[in-house]
Asks: 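Starting off with a structure, shown below.
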Amino acid sequence: MSSFTPEQDALFADYTRTTNSWGRITLFVGFLIATSVPFIVLATTDVQVTFAQIFTAFLAVAAVYGAFYIIEPVTYFPILGPAGMYQAFLIGNIANKLIPSAIVAQSTIGAKPGTRKAAYAATAAIAGAAAVHVISLVILVGILGTWIVSIMPASITDVARLYILPSILGGVVVQLMATLKQPRATVIAIAVSLAVVFLLVPNTPKLVSSFAIALCVLFTVLLSWWLRGKEIVEDEDSAHALIN
């Protein structure tokens with residue numbers, strides 16, 4: 001049974017409808033803007049591109065990133081919630097900016113991923129992260145970018161390029177482990193990732209290697225479900241009994 005009052009459920013339903021309506025509109029507008037650029041270039045320049053070249057380029061990109069079309073929505077939704085998903089896929093930089101922001105916000109207020117409270121926290125965190133990102137880009141890139149690059153030693157640039165992204169993602173992983181408190185699933189995810197990266201990828205064709213992340217997610221989900229603890233099974237049985 002729901003732990004919310006009928007009024008709260010009604011407000012959440014209205015919030016969800018509004019989110020879905022405006023989310024679809026804004027994402028479609030973003031899609032039109034993003035995809036219009038190549039056509040504008042074709043119409044205003046002398047660049048000669050054939051349909052066969054466009055189709056070949058599309059297949060090349062889809063072969064590498066096609067798995068993300070399924071993986072990212074499935075894996076991000078429990079953390080971000082409906083509104084956060086619309087925000088994230090319109091803003092971008094999801095894994096290295098928005099997911100860390102959402103996780104930190106949820107952990108700070110003690111919200112469990114997948115709940116309404118966590119979804120609200122993710123929405124607010126993403127809005128804050130986007131605002132900070134835009135302001136910092138205007139100041140550090142738009143205004144001071146050229147000057148900063150001119151005084152930055154090459155050694156520091158190389159270190160930043162190599163280690164900033166891994167350090168951010170590593171911090172996110174640790175934060176997520178501490179928040180979810182699921183040691184069994186954590187061990188399974190690490191073991192599956194190591195097996196895929198060091199065993200599967202080096203010994204399989206490139207096409208299979210392109211779906212390495214998808215395979216990690218799939219195997220982790222299946223093994224976590226198959227090896228789930230007794231208390232989880234009892235919770236599932238209780239939920240089924242309550243529904244019936």
Side-chain angles (χ1 to χ4, degrees), residues 1-4 16 62-86 88-89 94-96 98-107 109-122 125 165-244:
M1 296 179 63
S2 175
S3 60
F4 299 96
T16 301
V64 177
Y65 296 102
F68 294 96
Y69 304 160
I70 299 174
I71 295 171
E72 289 189 345
V74 172
T75 54
Y76 294 158
F77 183 81
I79 299 174
L80 300 180
M85 290 289 286
Y86 288 118
F89 283 94
I94 303 176
N96 61 351
L98 303 186
I99 289 291
S101 301
I103 291 175
V104 170
Q106 292 166 355
S107 177
I109 65 174
K112 184 177 180 181
T115 62
R116 294 182 186 180
K117 184 178 180 180
Y120 296 145
L165 181 59
S167 64
I168 293 174
L169 296 181
V172 173
V173 171
V174 173
Q175 181 72 45
L176 192 58
M177 291 178 184
T179 302
L180 296 180
K181 296 181 175 64
Q182 297 288 339
R184 181 184 289 104
T186 300
V187 172
I188 291 173
I190 293 175
V192 169
S193 301
L194 292 174
V196 169
V197 171
F198 293 107
L199 296 178
L200 184 63
V201 172
N203 298 295
T204 54
K206 187 176 180 179
L207 181 61
V208 177
S209 302
S210 300
F211 294 91
I213 296 179
L215 294 175
C216 286
V217 173
L218 178 62
F219 291 150
T220 299
V221 170
L222 292 176
L223 287 174
S224 297
W225 180 83
W226 186 52
L227 299 174
R228 65 194 188 283
K230 180 180 178 182
E231 67 280 359
I232 298 178
V233 176
E234 291 176 349
D235 290 341
E236 291 178 352
D237 293 339
S238 301
H240 287 305
L242 182 62
I243 294 173
N244 296 328

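In what follows, every heavy atom counts, from backbone to side chain, and hydrogens, waters and symmetry copies are set aside.
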Asks: If you look at every heavy atom in Ala102 and Ala122, which pair is closest and at what distance?
Replies: CB-CB, 3.8 Å
Asks: With rounding to the nearest 0.5 Å, note down the distance linking CE in Met85 to CD1 in Ile94.
Replies: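 One finds 7.0 Å between CE of Met85 and CD1 of Ile94.
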Asks: Mind checking the CG-CG spacing from Leu200 to Leu215? Nearest 0.5 Å is all I need.
Replies: 6.0 Å
Asks: Indicate yes or no: at least one non-hydrogen side-chain atom of Thr115 is less than 4.5 angstrom from one of Gln106.
Replies: no
Asks: What are the two closest heavy atoms between Leu80 and Ala88, and how far apart are they?
Replies: CD1-CB, 3.7 Å
Asks: Over all heavy atoms of both residues, which pair between Pro73 and Phe89 is shortest? Give the atoms and the distance, please.
Replies: N-CZ, 4.1 Å
Asks: Closest approach of Ser193 and Cys216, non-hydrogen atoms and distance?
Replies: CA-SG, 3.9 Å
Asks: Return the minimal non-hydrogen interatomic distance between Ala105 and Ala125, and the atom names on each side.
Replies: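 Nearest heavy atoms, Ala105 then Ala125: CB-CB, 3.7 Å.
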Asks: Specify the closest pair of heavy atoms between Thr75 and Pro78, including all atoms of both residues, with the distance to one decimal.
Replies: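 Closest approach of Thr75 to Pro78: O-CD, 3.5 Å.
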Asks: Using a 3.5 Å distance criterion without hydrogens, assess whether the side chain of Ser224 forms a donor-acceptor pair with backbone atoms of Thr220.
Replies: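 Present.
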Asks: Give, for atom CG of Leu222 and atom CZ of Phe219, the distance between the pair rounded to the nearest 0.5 Å.
Replies: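 Rounded to the nearest 0.5 Å, the CG-CZ separation comes to 8.0 Å.
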